[in-house]
*Asks:* 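I have a structure I would like to understand better, so I am pasting it below and will then ask my questions one at a time.
The structure presented is a predicted model; accordingly, all values stated were derived computationally and were not measured. All heavy atoms count here, side chains included; hydrogens, waters and symmetry mates do not.
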Amino acid sequence: SPRQYSLMIDGQRTFIQSGEFDAFRLPSPSLWRDILEKMKSNGYNAVTIYFDWGYHSPAPGVYDFTGVRDMDELLTIADEVGIYVIARPGPYINGETDAGGFPDWLSETPGVDRTNNPTYLSYSDQWQSAIDAIIARHQLTNGTGSVILYQIENEYANNLTSQTGIQY
C-alpha cells in the first residue's frame, strides 16, 4: 500500500523523493538556489542536508554560521524554492567526511566519541543546541520553513555493534 511509503504533510499523503545536497561541499551561497531549483525541476520534492559539526566549529564552544556557513540562508532558500528539507545534523554524519563530521579539536578531548561519556555529550549537546536553533526556525509545522524531518546521528547501529558486540 502506498500509505506505508508516504508521509502526511499538511493533511495530504506525500511520497518523498529526495536527493542529497551538502552546502559544505559547495561553499558558495550564490549557487545554492541553482542546485535546489535543479533538484526541484528534476522531480525531487525534498532534499536531505547534512550539517557538518566540524565545518562550523573551529574550537570548543565556537560556532560559525556566517558567509559560506550560513545555514539560515540555505534553509530559507530551500523554502523559497519550495522543496522540503530532511535535516541531518549528526552529531556524527559520516557522509564521507573526515572523522564523520566531528571537529578536529574533539579528538583531543578526553572520553570516547559516540558514547554516553560526559565530556563527549557536553560538546555534542552544545553543537546540537547551536544547529537546532537554526533548524527550528525553519520547521514546516511552525509555518516558518520547509523542514519536515530530522535525523540524529548516522549509522549508529554500526557503532553500537563495534562497541558492544551486539548485532542489530
Side-chain angles (χ1 to χ4, degrees), residues 1-58 61-97 100-103 106 114 120-157 159:
S1 157
R3 294 177 68 95
Q4 67 187 10
Y5 300 109
S6 64
L7 293 175
M8 188 69 81
I9 301 176
D10 286 336
Q12 299 289 337
R13 285 254 164 231
T14 305
F15 181 79
I16 299 300
Q17 294 180 294
S18 175
E20 180 81 24
F21 173 67
D22 304 311
F24 60 87
R25 289 190 167 95
L26 182 63
S28 178
S30 64
L31 297 176
W32 294 345
R33 181 179 305 274
D34 181 60
I35 295 295
L36 296 174
E37 285 175 345
K38 286 176 179 171
M39 291 177 76
K40 177 107 182 196
S41 70
N42 279 314
Y44 295 100
N45 62 356
V47 57
T48 61
I49 300 173
Y50 281 125
F51 298 91
D52 186 327
W53 180 7
Y55 186 64
H56 294 281
S57 183
V62 177
Y63 301 98
D64 181 358
F65 295 108
T66 63
V68 297
R69 293 171 173 81
D70 189 343
M71 298 300 95
D72 250 328
E73 181 177 351
L74 174 61
L75 293 173
T76 295
I77 292 169
D79 186 39
E80 291 169 354
V81 166
I83 195 164
Y84 296 125
V85 173
I86 301 167
R88 301 172 86 183
Y92 179 83
I93 62 170
N94 190 10
E96 291 70 47
T97 58
F102 284 157
L106 189 65
R114 300 179 80 196
Y120 168 71
L121 289 178
S122 172
Y123 286 123
S124 65
D125 286 350
Q126 288 176 27
W127 159 246
Q128 294 294 156
S129 294
I131 192 63
D132 287 354
I134 295 168
I135 294 169
R137 290 194 291 270
H138 297 273
Q139 291 181 88
L140 182 76
T141 53
N142 293 342
T144 57
S146 61
V147 175
I148 58 169
L149 294 170
Y150 180 101
Q151 176 192 357
I152 58 168
E153 257 309 319
N154 190 42
E155 302 176 24
Y156 196 65
N159 188 52

*Asks:* Do the non-hydrogen side-chain atoms of I9 and I16 ever get within less than 4.5 Å of each other?
*Replies:*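 I9 reaches I16 side chain to side chain.
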*Asks:* Considering only heavy atoms from C-beta outward, does the side chain of D70 approach that of P29 to under 4.5 Å?
*Replies:*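 Side-chain contact under 4.5 Å: no.
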*Asks:* Measure from the side-chain N and O atoms of S124 to the backbone N and O of L121, and report whether any donor-acceptor pair falls under 3.5 Å.
*Replies:*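 At least one qualifying donor-acceptor pair exists.
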*Asks:* Could you pull out the closest heavy-atom pair between Q128 and P89, with the gap in Å?
*Replies:*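 Answer, listing the atom of Q128 first, then P89: OE1-O, 3.8 Å.
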*Asks:* Would you indicate whether the side-chain heavy atoms of V81 and W32 approach each other to under 4.5 Å?
*Replies:* no
*Asks:* Decide side chain to side chain contact (heavy atoms under 4.5 Å, CB included) for D22 and D52; before the verdict, give the C-alpha distance in whole Å, the side-chain angles of both, and the deciding distance to 0.1 Å.
*Replies:* CA-CA 9 Å; D22 304 311; D52 186 327; over 6 Å; no
*Asks:* Taking all non-hydrogen atoms of both residues, which atom of N142 and which atom of A136 are closest, and how far apart?
*Replies:*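 What the structure gives for the nearest pair is ND2-O, 3.3 Å.
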*Asks:* Counting C-beta onward and ignoring hydrogens, is there a side-chain heavy-atom pair between L36 and L74 closer than 4.5 Å?
*Replies:* yes
*Asks:* Given side chains that start at C-beta, do those of F65 and D72 come closer than 4.5 Å, heavy atoms only?
*Replies:*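 Answer no - side chains too far apart.
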*Asks:* Any donor-acceptor pair under 3.5 Å linking the side chain of S57 with the backbone of Y63?
*Replies:*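 No.
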*Asks:* For T14, enumerate each residue passing the side chain to side chain donor-acceptor pair (under 3.5 Å) test, keeping only those at least two apart in sequence or located in another chain.
*Replies:* none
*Asks:* Taking the six-membered ring for Trp, are W53 and W127 parallel (under 30°), tilted (30 to 60°) or perpendicular (over 60°)?
*Replies:*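 It falls in the parallel class, under 30°.
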*Asks:* Got more than 12 heavy atoms from elsewhere within 6.0 Å of OH, Y44?
*Replies:*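 Not more than 12 within 6.0 Å, no.
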*Asks:* Which atoms form the tightest heavy-atom contact between S28 and V68, and what is the distance?
*Replies:*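 In terms of heavy atoms, the two residues are closest at N-CG1, 4.5 Å.
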*Asks:* What are the two closest non-hydrogen atoms of G82 and K40, and how far apart are they?
*Replies:*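 It is O-NZ, 2.5 Å.
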*Asks:* Tell me whether the rings of F24 and Y55 are parallel (<30°), tilted (30 to 60°) or perpendicular (>60°).
*Replies:*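 Ring orientation, 0 to 90° scale: tilted.
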*Asks:* If you measure from the Lys or Arg side-chain nitrogens to the Asp or Glu carboxylate oxygens, is any gap between E20 and R25 under 4.0 Å?
*Replies:* no
*Asks:* Can you find a heavy atom in the side chain of M39 that is under 4.5 Å from one in the side chain of I83?
*Replies:* yes
*Asks:* For a side chain to side chain contact (heavy atoms under 4.5 Å, CB included) check, start with the C-alpha distance between I134 and F51, then their side-chain angles and the critical distance, and finish with the verdict.
*Replies:* CA-CA 11 Å; I134 295 168; F51 298 91; over 6 Å; no
*Asks:* Is there a side-chain contact between H138 and M71, using heavy atoms and a 4.5 Å cut-off?
*Replies:*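 No. Closest side-chain heavy atoms not under 4.5 Å.
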*Asks:* Any donor-acceptor pair under 3.5 Å linking the side chain of T144 with the backbone of R137?
*Replies:*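 Yes.
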*Asks:* Using a 4.5 Å cut-off on heavy atoms from C-beta on, say whether the side chain of Y150 contacts that of I152.
*Replies:*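 The answer is yes, as the side chains (C-beta and beyond) meet within the 4.5 Å cut-off.
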*Asks:* When you look at CG of L31, are more than 12 heavy atoms from neighbouring residues, nucleotides or ligands closer to it than 6.0 Å?
*Replies:*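 More than 12 heavy atoms, drawn from other residues, nucleotides or ligands, come within 6.0 Å of this atom.
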